[in-house]
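Letters A, B, ... are given to chains in the order of the sequence lines, protein chains preceding strands, and every chain is numbered from 1. Because only heavy atoms are used, hydrogens play no part in the values below, and waters and symmetry mates are left out as well, while side chains stay in.
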Number of protein chains: 2
Amino acid sequence: MRGVHPISGFRLTIENVKSHISTTHEVLVAVFQVRPQPIHRNGGATSDTPELCVLLWERALDPMSGTWALPGGRLEPDEDLPDSARRQLAQKVDVQELTHLEQLSVFSDPQRVPGNRVIASTFLGLIPCPAEPELPTDTAWHPVARLPEMAFDHRIVVDHARTRLAAKLSYTNIGFALAPHEFTVSTLKSIYSAALGYHVDATNLQRVLGRRRVITPTGTTAPPGKTGGRPAAMYRFTDTRYRVTDEFAALRPPAD
Amino acid sequence: MRGVHPISGFRLTIENVKSHISTTHEVLVAVFQVRPQPIHRNGGATSDTPELCVLLWERALDPMSGTWALPGGRLEPDEDLPDSARRQLAQKVDVQELTHLEQLSVFSDPQRVPGNRVIASTFLGLIPCPAEPELPTDTAWHPVARLPEMAFDHRIVVDHARTRLAAKLSYTNIGFALAPHEFTVSTLKSIYSAALGYHVDATNLQRVLGRRRVITPTGTTAPPGKTGGRPAAMYRFTDTRYRVTDEFAALRPPAD
DNA sequence: CCAAAAGTGTTCCAAGTACACCCATGA
DNA sequence: TCATGGGTGTACTTGGAACACTTTTGG
């Protein structure tokens with residue numbers, strides 16, 4: 001039980017082992033989906049603008065019982081972080097639906113939770129629009145604009161993940177992970193608007209994503225609604241793999 | 001020793017503790033500095049274009065003795081990751097010189113190093129130009145363009161850190177962490193060129209960073225060299241704190 | 001024929017790039 | 001006065017925002 005670790009060169013003493021036992025590593029995932037919101041009856045007005053939602057479960061036990069937490073749990077010895085994230089998520093949603101999973105930062109404050117130390121590696125997960133996964137009874141989607149009281153530092157994790165998602169919507173094709181396989185520009189516009197938190201112009205969205213070859217028309221059209229209107233062209237994302245589309249926003253290398 | 005962990009809800013069994021002992025957490029830091037290169041005597045030609053260099057130490061012990069590794073080491077129970085990074089670095093360089101430290105991704109493959117599992121949290125560190133810190137004998141600066149054989153996955157970490165640095169030079173003021181306190185535009189140009197790996201135009205660099213209020217003229221000028229030339233205006237970075245300067249490269253929110 | 005929704009064309013503007021030309025200095 | 005390096009002026013280009021206008025549908 002004594003000796004120098006061959007890799008790091010640190011000593012494996014009784015004290016180290018004891019202190020080490022008390023440090024565990026957990027994974028936390030902020031899973032987002034753009035979801036049509038249930039009707040708000042404010043004087044009969046029904047809102048159907050979709051909102052960005054995050055998957056949370058309600059703690060039944062102390063500490064912080066009654067508050068809402070991100071899905072996650074302990075990292076096992078034989079799995080890496082993405083595998084662990086997927087495994088933990090499988091307890092809350094159908095992981096088949098997960099179209100994107102990406103590591104965010106690590107929260108390592110020794111005091112971040114009461115009791116023994118827990119280091120948290122956080123992830124951003126995305127689920128596309130039409131999916132309606134089954135949820136356990138303690139689990140629900142919450143609009144990010146109206147978050148409930150949250151456990152520990154989980155609120156910070158959610159904010160962090162939102163910021164990252166918004167940034168990536170601008171310079172990558174990450175929208176594919178939120179949108180249905182095929183969609184109209186106005187559907188896509190409402191998805192981007194929900195995820196970014198501000199109004200996005202459908203005309204410009206079409207042109208920007210088209211010019212970058214991020215979306216491609218399928219050639220088919222969607223039938224108009226009851227009230228008429230021109231039928232909308234259907235699009236799909238050109239790649240279903242994550243891709244950076246606008247690498248050099250500024251200070252690009254010389255042309256030659 | 002048995003029971004349910006109050007936070008994560010997982011069981012603390014003998015098996016869990018045993019497997020847990022064998023998992024440790026280390027910090028690895030890729031520290032960069034733009035350094036004037038020692039003279040290359042290729043037929044008498046002396047090159048003095050500075051290059052981006054990374055701080056490495058040579059392993060004296062197996063496994064992989066003789067290969068070069070990033071500074072770092074084990075995370076202690078009472079410190080968070082940035083503190084640990086600074087502490088580990090202090091064994092190799094004067095941490096006072098460190099102007100930027102930022103977390104990159106976690107390497108969590110259970111097999112990433114031989115022997116017991118070691119999870120690595122990686123960091124990007126920056127040291128400004130004029131600094132010439134003392135180094136231990138096993139430690140040296142290596143140009144990123146000519147890296148020696150490196151230990152484990154450390155090469156990947158360095159590449160990752162370079163990519164991140166290059167990206168951030170474009171849309172943040174992170175250059176302050178590589179440049180001297182005061183500098184001429186042509187000095188800054190050579191720093192950016194070295195860090196980005198391609199030729200940067202001094203005229204445009206001045207205009208871009210000036211327009212964004214990233215750099216400010218001090219009002220003073222630097223004396224010209226032996227061969228004459230107009231004296232150069234001195235600049236400094238407006239903020240010495242990390243700041244995002246070009247948040248919305250595309251898909252910016254509406255003006256009103 | 002009108003309202004509604006989708007798509008196109010046009011103008012404007014911000015921001016970078018490229019490069020010619022002007023300025024200040026030492027020998 | 002000239003070579004040298006620094007700074008400015010300007011024309012070009014890219015790409016996104018805004019908005020008017022046209023197209024295609026249902027009632």
Side-chain angles (χ1 to χ4, degrees), chain A residues 48-49 169-171 175 182-193 196 198-235 244-256, chain B residues 48-49 169-172 182-193 196 198-235 244-256:
Chain A
D48 64 344
T49 48
L169 280 173
S170 276
Y171 67 89
E182 294 197 356
F183 49 85
T184 67
V185 171
S186 75
T187 302
L188 194 62
K189 160 209 153 85
S190 64
I191 293 172
Y192 271 66
S193 297
L196 290 171
Y198 54 77
H199 180 261
V200 174
D201 185 272
T203 299
N204 294 330
L205 186 67
Q206 182 193 32
R207 254 195 288 249
V208 169
L209 297 185
R211 176 161 46 212
R212 294 183 188 168
R213 313 262 165 184
V214 171
I215 58 174
T216 328
T218 66
T220 58
T221 58
K226 298 282 178 199
T227 79
R230 177 169 167 175
M234 300 295 289
Y235 287 81
V244 174
T245 58
D246 200 35
E247 194 167 6
F248 298 104
L251 292 180
R252 1 179 189 212
D256 49 271
Chain B
D48 66 343
T49 49
L169 280 173
S170 276
Y171 68 90
T172 73
E182 294 198 354
F183 49 84
T184 67
V185 171
S186 75
T187 301
L188 195 62
K189 159 209 155 88
S190 64
I191 294 173
Y192 271 67
S193 297
L196 291 170
Y198 53 78
H199 180 260
V200 174
D201 185 273
T203 299
N204 294 331
L205 186 67
Q206 183 193 32
R207 251 194 288 249
V208 169
L209 298 185
R211 175 162 44 213
R212 294 183 187 169
R213 312 265 166 179
V214 170
I215 59 174
T216 328
T218 66
T220 59
T221 57
K226 298 281 178 200
T227 79
R230 176 169 168 177
M234 300 295 290
Y235 287 80
V244 174
T245 58
D246 200 35
E247 194 168 8
F248 299 103
L251 292 179
R252 359 180 189 208
D256 48 273

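- Among the nucleotides D:dT24, C:dT25, C:dG16, the one closest to the side chain of A:Pro231 is D:dT24.
- If you check D:dT4, D:dG16, C:dT17 against the side chain of B:Thr227, the one that comes closest is D:dT4.
- Rounded to an integer number of Å, the gap from CG of B:Asp246 to P of D:dG15 is 15 Å.
- Looking at B:Tyr192 and B:Leu205, their side chains come closer than 4.5 Å, going by heavy atoms from C-beta outward.
- Rounded to whole angstrom, the span from the CZ atom of A:Phe183 across to the C1' atom of C:dA6 amounts to 15 Å.
- Here the side chain of B:Thr245 pairs a donor or acceptor atom with the backbone of B:Tyr171 at under 3.5 angstrom.
- When rounded to the nearest whole Å, the span between CG of B:Leu205 and P of D:dT8 equals 14 Å.
- Contact check, A:Gln206 against C:dA6: no side-chain N or O comes under 4.0 Å of OP1 or OP2.
- Note: CZ (A:Arg212) to P (D:dT14) measures 16 Å, nearest angstrom.
- Residue B:Thr203 is classed as a base contact, given a heavy-atom separation below 4.0 Å to a base.
- Between B:Ser186 and D:dG6, a side-chain N or O to OP1/OP2 separation shorter than 4.0 Å is present.
- Separating the CZ atom in A:Arg207 from the CG atom in A:Asp201 is a distance of 9.0 Å, to the nearest 0.5 Å.
- If you take NZ of A:Lys189 and C1' of D:dG16, they are 16 Å apart, rounded to a whole angstrom.
- The separation between B:Leu196 atom CG and C:dT17 atom P is 11 Å, rounded to whole Å.
- Of all nucleotides listed (C:dA6, D:dA18, C:dA4), D:dA18 comes nearest to the side chain of A:Asn204.
- In this model, a side-chain donor or acceptor of A:Arg230 finds a partner on the base of D:dT23 within 3.5 Å.
- Rounded to whole angstrom, the span from the CE atom of A:Met234 across to the P atom of C:dG7 amounts to 10 Å.
- Side-chain atoms of B:Ser193 do not come within 3.5 Å of backbone N or O of B:His199 as any donor-acceptor pair.
- Considering only side-chain atoms of B:Ala233, the nucleotide from C:dA6, D:dG6, D:dG7 that sits closest is D:dG7.
- Nearer the 5' end of DNA chain C, as judged by each residue's closest nucleotide, is the contact made by B:Arg211, out of B:Arg211 and B:Asp201.
- In this structure, B:Thr184 and B:Met234 have side chains that are in contact, with non-hydrogen atoms separated by less than 4.5 Å.
- For A:Arg207 and C:dG9, a side-chain-to-base donor-acceptor distance below 3.5 Å is present, hydrogens and geometry of angles not being considered.
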